[in-house]
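First up is the structure itself, then whatever we jot down about it.
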Amino acid sequence: MIASDWGDWLVRDVENASPDGVAVWYLGCNGFVLKGSDGTTIFIDPYVGLGDPPRTVRMIPVPFDPDDIEDADAVLATHEHTDHVHGPSQAPILENAGATFYAPDDSLAVAREDESWTDEYDVADDQLVEVGEGDTVEIGEFTVHVEVAHDPDATHPVSYVVEHEAGTFFHGGDTKPSEEFERIGSEYDIDLGALAFGTVGQIPDKETREPKRTRWYNDENQIIETAAALELEALLPSHWDMWRGLTSDPKVLHHHAKSFDHPRRLELVEIGDRVNL
């Protein structure tokens with residue numbers, strides 16, 4: 001059972017919002033929710049689990065209970081890792097709101113086979129939709145393009161370019177720099193991009209539980225390299241707050257970004273914050 005540390009105020013904040021364009025809330029970890037001016041609501045990689053202590057230890061509050069979410073049109077997953085595909089975090093959104101889950105094949109395998117969402121929750125199989133690089137999906141007022149990602153720790157990661165008449169949002173999942181990002185930066189006019197950021201730390205190995213030097217996310221140079229290639233107007237660092245041993249301070253990115261044309265600015269947010277496109 002998920003227990004929210006914040007009650008339902010964040011869920012109600014999203015429900016009650018009437019943005020002029022697009023409102024974007026940061027859910028901590030790599031989770032976001034987007035709401036458009038017509039009310040279309042999309043969750044991307046929402047995760048409210050506690051991790052797997054002592055290997056992965058959650059360092060931030062659990063901001064909502066997924067059972068409280070009644071208004072959602074879609075949940076997007078970038079890759080198959082548990083903090084991106086997680087039944088207790090995401091299946092109740094499909095169950096209560098009738099939302100559709102869009103994900104690449106290996107992420108769907110977690111939902112269908114490993115976690116049996118259609119058996120454990122009131123979720124129909126047609127709510128689970130496979131997407132892959134090059135696909136475009138219309139979700140209410142949003143157009144979602146599925147693009148490449150480069151995450152050597154994942155088996156099939158993707159990124160999402162979410163277009164709206166008010167602006168364009170990019171979610172890279174846990175991607176690191178890729179040769180493809182210059183193409184993406186030239187094809188789309190991205191106003192706000194979320195990229196995973198963190199330090200290198202000693203994390204217990206999954207099998208032996210012995211401490212192991214671990215890099216899961218972009219360091220200071222990698223994240224600016226990626227943001228520059230994507231020609232981001234604004235960079236929003238994510239994931240830096242989540243796991244014990246891998247947390248970092250995104251304010252250091254001002255020093256790394258200032259000599260580059262892109263990103264033109266940094267959007268530094270904490271869990272629960274809202275920014276607008």
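Keep in mind that this is a model prediction, so the values were computed, not measured.
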Open item on the list: Suppose we screen for side-chain contact (heavy atoms from CB on, under 4.5 Å). Which residues come up paired with P152, at least two apart in sequence or across chains?
Closed with: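 Partners of P152 under the side-chain contact (heavy atoms from CB on, under 4.5 Å) test: H150, K176.
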
TODO: Check whether any side-chain heavy atom of L76 lies under 4.5 Å from a side-chain heavy atom of I44, and answer yes or no.
DONE: yes

Between [atom1] of [X] and [atom2] of [Y], what distance do you get to the nearest 0.5 Å?
{"X": "I224", "Y": "F260", "atom1": "CD1", "atom2": "CZ", "value": "7.0 Å"}
{"X": "E70", "Y": "T41", "atom1": "CD", "atom2": "OG1", "value": "12.5 Å"}
{"X": "L268", "Y": "H254", "atom1": "CG", "atom2": "NE2", "value": "4.5 Å"}

Should [X] and [Y] be counted in the same cluster of Ile, Leu, Val, Met, Phe, Trp and Tyr side chains packed under 4.5 Å apart?
{"X": "V252", "Y": "M59", "result": "no"}
{"X": "I223", "Y": "F170", "result": "yes"}
{"X": "V14", "Y": "Y47", "result": "yes"}
{"X": "L128", "Y": "V85", "result": "yes"}
{"X": "I69", "Y": "F142", "result": "no"}

Task: CG/D261: more than 12 non-hydrogen atoms of other groups inside 6.0 Å - done: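 Atom CG in D261 is not packed in, count stays at 12 or less.
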
So, [X] and [Y]: side-chain donor and acceptor under 3.5 Å apart, yes or no?
{"X": "T143", "Y": "E138", "answer": "yes"}
{"X": "H84", "Y": "D174", "answer": "yes"}
{"X": "H164", "Y": "E141", "answer": "yes"}

- [ ] Measure centre to centre between the rings of F32 and F43, then say whether the value is under 6.0 Å.
- [x] no

Open item on the list: Just to verify, what does D125 make a side-chain hydrogen bond (donor to acceptor under 3.5 Å, both in side chains) with, not counting sequence neighbours?
Closed with: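 Per chain and number, D125 pairs via side-chain hydrogen bond (donor to acceptor under 3.5 Å, both in side chains) with R112.
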
TODO: Quick one: sort the Y188 and H145 rings into parallel, tilted or perpendicular, breaks at 30° and 60°.
DONE: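 Correct class here is tilted.
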
Check whether [X] reaches the backbone of [Y] with its side chain - one donor and one acceptor, N or O, closer than 3.5 Å.
{"X": "D5", "Y": "V62", "answer": "yes"}
{"X": "E133", "Y": "V148", "answer": "no"}
{"X": "N218", "Y": "A196", "answer": "yes"}
{"X": "R12", "Y": "E15", "answer": "no"}
{"X": "R55", "Y": "P204", "answer": "yes"}
{"X": "H262", "Y": "R264", "answer": "no"}
{"X": "Y26", "Y": "C29", "answer": "yes"}

- [ ] Kindly indicate, with the supporting measurements, whether the criterion side chain to side chain donor-acceptor pair (under 3.5 Å) is fulfilled by D83 and N30.
- [x] CA-CA 8 Å; D83 53 341; N30 220 347; over 6 Å; no

Task: Residues E267 and R265 bridged, charged N to O under 4.0 Å - done: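 Result for this pair is yes, salt bridge flagged.
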
Task: Residues R183, E147: salt bridge by 4.0 Å N-O rule - done: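 E147 and R183: salt-bridged.
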
TODO: Measure across A77 and V158 and return the closest heavy-atom pair with its distance rounded to 0.1 Å.
DONE: O-CG2, 4.1 Å

Task: Residue pair A99 / A72: nearest heavy atoms and the distance that separates them - done: CB-O, 3.5 Å

